[in-house]
Amino acid sequence: MENTTEARNPATTHIDVMSTAEILKTINQQDQQVPAVIAAPEVMTPLTHIVDQVVASFREGGRLFYIGAGTSGRLGVLDAAECVPTFGVSPEMVQGLIAGGQSAMTEAVEGAEDSQEGGAADLKAHALSAKDFVLGLAASGRTPYVIGGLDYAKSVGAGTGALSCNRGAAISAHADLVIEAVVGPEVVTGSTRMKAGTVEKLLLNMISTTAMIKLGKVYGNLMVDVKPTNIKLVDRAKRIIMAATGVDYATAEKYYEAAEHEPKVAIVMIDGDTDLAQAKAALQQSDGFIAKALKILK
């Protein structure tokens with residue numbers, strides 16, 4: 001395995017004597033390398049396969065599990081949590097598991113990432129099945145907790161993927177689909193919360209967002225299944241209705257209430273010129289896709 005995540009970066013060997021502006025410029029220059037890594041076919045091709053398999057799992061009633069330790073685990077938990085308000089899905093649909101449990105989100109849990117048994121046990125506790133997909137996250141590519149989780153996932157027939165930042169990563173041998181996003185040595189040697197963390201965050205954004213788009217959670221580029229859980233999101237929901245249909249705020253507000261606070265239903269009611277029951281029935285028949293529901297109502 002090429003351990004580039006632990007290598008010294010020749011561009012930053014004197015970063016300790018740089019000015020504030022020079023340090024910031026150097027970090028920024030290093031960060032700019034990350035998108036190009038993602039764009040490369042060796043990342044984009046397996047990424048596409050992973051998303052397609054995640055979508056297939058969702059359509060069969062399965063779930064997506066991110067499993068990792070440290071920064072990687074925290075990023076998985078973050079992405080999973082943000083799917084709920086953004087796309088209106090249940091917390092069970094996308095879940096992030098981190099070595100050491102929820103307390104590890106804010107402080108290190110010594111030794112938790114070194115337990116293969118821990119990764120398997122955490123997935124077993126969630127009744128993992130063959131319908132599910134497990135994506136192992138490890139910047140170093142060698143975390144035992146992740147390896148244990150992936151091996152357990154395979155044993156129950158679940159789909160598996162591995163995301164790391166080293167070529168020839170150990171976790172790659174334990175998954176069906178493999179992404180090795182090699183962003184090179186960090187600005188501060190071994191601090192994988194930096195470029196490695198950035199590439200993981202970008203990739204997780206791409207996986208969950210693309211999967212939700214493929215499930216009809218987006219209309220045009222609008223998050224029509226947004227869960228309006230606070231004042232800001234209630235206002236956003238009404239403005240989404242406005243943007244999708246061209247009605248004014250007052251009309252959007254009226255339909256938002258009539259649609260029982262579901263922007264997607266309100267849009268179908270307005271553009272399909274129909275009532276609540278028919279709008280819901282059309283959406284159910286179209287698997288939640290607004291464009292298909294509107295065609296049904298014509």
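Counting begins at 1 with the first residue of the sequence.
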Are Gln116 and Pro144 close enough that some pair of their side-chain heavy atoms sits under 4.5 Å apart? yes
Would Asp79 and Tyr66 count as having a side-chain donor-acceptor pair, cut-off 3.5 Å? yes
Taking the side chain as C-beta and beyond, is there a heavy-atom pair between Val89 and Met212 under 4.5 Å? yes
Over 60° means perpendicular and under 30° means parallel, so tell me whether Tyr256 and His261 are parallel, tilted or perpendicular. parallel
With Lys195 as reference, evaluate Gln30, Glu200, Gln32 under the side chain to side chain donor-acceptor pair (under 3.5 Å) test and give the passing residue. Gln30
Side-chain touch Thr12/Asn9, heavy atoms, less than 4.5 angstrom: yes
Any salt bridge linking Lys131 with Glu60? Criterion: basic side-chain nitrogen under 4.0 Å from a carboxylate oxygen. no
For Ser19, is there any backbone N or O sitting under 3.5 Å from a side-chain donor or acceptor partner on Glu22? yes
Linked, directly or transitively: Leu276 and Val247 (ILVMFWY side chains, under 4.5 Å): yes
State plainly whether one hydrophobic cluster holds both Leu128 and Phe133, where clusters connect Ile, Leu, Val, Met, Phe, Trp and Tyr through side-chain heavy atoms under 4.5 angstrom apart. no
Is there a chain of hydrophobic side chains (I, L, V, M, F, W, Y, each step under 4.5 Å between heavy atoms) that links Leu135 to Val178? no
Verdict with reasoning, Ser208 to Val94, per side chain to side chain contact (heavy atoms under 4.5 Å, CB included): CA-CA 8 Å; Ser208 57; Val94 184; 5.6 Å; no
Would you call Lys201 and Leu78 a side-chain contact if the rule is heavy atoms closer than 4.5 Å? yes
Answer whether the closest heavy-atom distance between the side chains of Glu186 and Val188 falls below 4.5 Å. no
Would Ile213 end up clustered with Leu204 when hydrophobic side chains under 4.5 Å apart are linked, directly or stepwise? yes
Judged by atom type as modelled, is there a donor-acceptor pair below 3.5 Å linking the side chain of Arg193 to the main-chain atoms of Thr198? no
By side-chain hydrogen bond (donor to acceptor under 3.5 Å, both in side chains) - contacts of Glu107 (at least two apart): none
From CA spacing to verdict: salt bridge (charged side-chain N to carboxylate O under 4.0 Å, His left out), Lys280, Glu260: CA-CA 11 Å; Lys280 284 190 170 184; Glu260 299 175 340; 2.7 Å; yes
Pair Asp287 + Arg59, salt bridge at N-O below 4.0 Å: no
Is any side-chain heavy atom of Val199 closer than 4.5 Å to a side-chain heavy atom of Cys165? yes
Indicate whether the side chain of Tyr249 and that of Asp235 have a donor and an acceptor atom separated by less than 3.5 Å. yes
Are Met105 and Gln102 close enough that some pair of their side-chain heavy atoms sits under 4.5 Å apart? yes
Going by distance alone, is a donor N or O of one side chain under 3.5 Å from an acceptor N or O of the other, for Asn3 and Thr5? yes
For side chain to side chain contact (heavy atoms under 4.5 Å, CB included), just list the numbers for Asp122 and Tyr152, CA-CA rounded to whole Å, side-chain angles, deciding distance to a tenth of an Å, and then say yes or no. CA-CA 10 Å; Asp122 284 354; Tyr152 177 74; over 6 Å; no
Salt bridge (charged side-chain N to carboxylate O under 4.0 Å, His left out) between Asp52 and Lys214, intermediate numbers included: CA-CA 9 Å; Asp52 285 342; Lys214 299 284 284 183; 5.2 Å; no
N/O donor-acceptor pair under 3.5 Å between Ser72 side chain and Gly68 backbone: no
Determine whether a donor-acceptor pair (N or O, by modelled atom type, separation under 3.5 Å) exists between the side chain of Lys264 and the backbone of Gly216. yes
Val146 versus Leu137, closest heavy-atom pair with distance: CG2-O, 3.4 Å
Is the closest side-chain heavy-atom distance between Ile267 and Val224 below 4.5 Å? yes
In terms of heavy-atom contacts, Val134 and Leu150 come closest through O-CD2, 4.0 Å
CG/Asp273: more than 12 non-hydrogen atoms of other groups inside 6.0 Å: no
Could you tell me if Glu180 and Ser172 have a donor-acceptor pair between their side chains, going purely by distance under 3.5 Å? yes
Can Phe289 be reached from Val226 by stepping across I, L, V, M, F, W or Y side chains whose heavy atoms are under 4.5 Å apart? no
Taking Asp132 for the side chain and Ser129 for the main chain, is one N or O donor matched with an acceptor at less than 3.5 Å? yes
